[in-house]
J.: 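Questions regarding the structure given below will be posed in turn.
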Amino acid sequence: MTPNIWTVVFYDPTARLKATEVKFGAGKMIDVKRPFRLLEPVTGGDTPLDRDKLKVDSDAALKIALKEPLLQNVKVTASQLKLEKVGEGLLGISGVGQGMWK
């Protein structure tokens, strides 16, 4: 399964709350938004991911998820993956800026 839609959020000093969200589909840019992300600076959601701590890419994350016993007899035709930052101590995992595929 190759993703055909990607959404990327990046730091943009010209945006009101310093974030711009760009959506790509079939290899082309299809939408640009500057979403209202009021809580991210308060919750730490505006800090960047530490790329050195990201050990699994989206393809590997999907393969790991598909090995789950509950999915053994299911034909998966679509998926949605999100790379999110794990907060300090959340789920027993520490490390500010560490990413987790969901």
J.: Search all heavy atoms of Ala15 against all heavy atoms of Thr20 and return the closest pair with its distance.
T.: CB-OG1, 4.0 Å
J.: Given the rule that I, L, V, M, F, W and Y join up when any side-chain heavy atoms are under 4.5 Å apart, are Val8 and Ile5 in one cluster?
T.: no
J.: Would you name the heavy atoms of Ala19 and Pro35 that are closest together and state the gap between them?
T.: O-CD, 3.9 Å
J.: What side-chain donor-acceptor pairs closer than 3.5 Å can you find for residues 21-29, not counting sequence neighbours?
T.:
residue, atom, partner, partner atom, Å
Glu21, OE1, Arg37, NH2, 2.7

J.: Please report the shortest heavy-atom distance between Leu71 and Ala65, naming the atom on each side.
T.: CD1-O, 3.3 Å
J.: Given the rule that I, L, V, M, F, W and Y join up when any side-chain heavy atoms are under 4.5 Å apart, are Leu81 and Val76 in one cluster?
T.: yes
J.: What distance do Lys63 atom NZ and Ser58 atom OG have between them, rounded to the nearest 0.5 Å?
T.: 10.5 Å
J.: State plainly whether one hydrophobic cluster holds both Leu66 and Leu83, where clusters connect Ile, Leu, Val, Met, Phe, Trp and Tyr through side-chain heavy atoms under 4.5 angstrom apart.
T.: yes
J.: Are Trp6 and Ile30 in one and the same hydrophobic cluster, where Ile, Leu, Val, Met, Phe, Trp and Tyr link if side-chain heavy atoms are under 4.5 Å apart?
T.: no
J.: Nearest 0.5 angstrom please: Trp101 CH2 to Leu54 CG, how far?
T.: 7.0 Å
J.: Using a 3.5 Å distance criterion without hydrogens, assess whether the side chain of Gln72 forms a donor-acceptor pair with backbone atoms of Glu68.
T.: yes
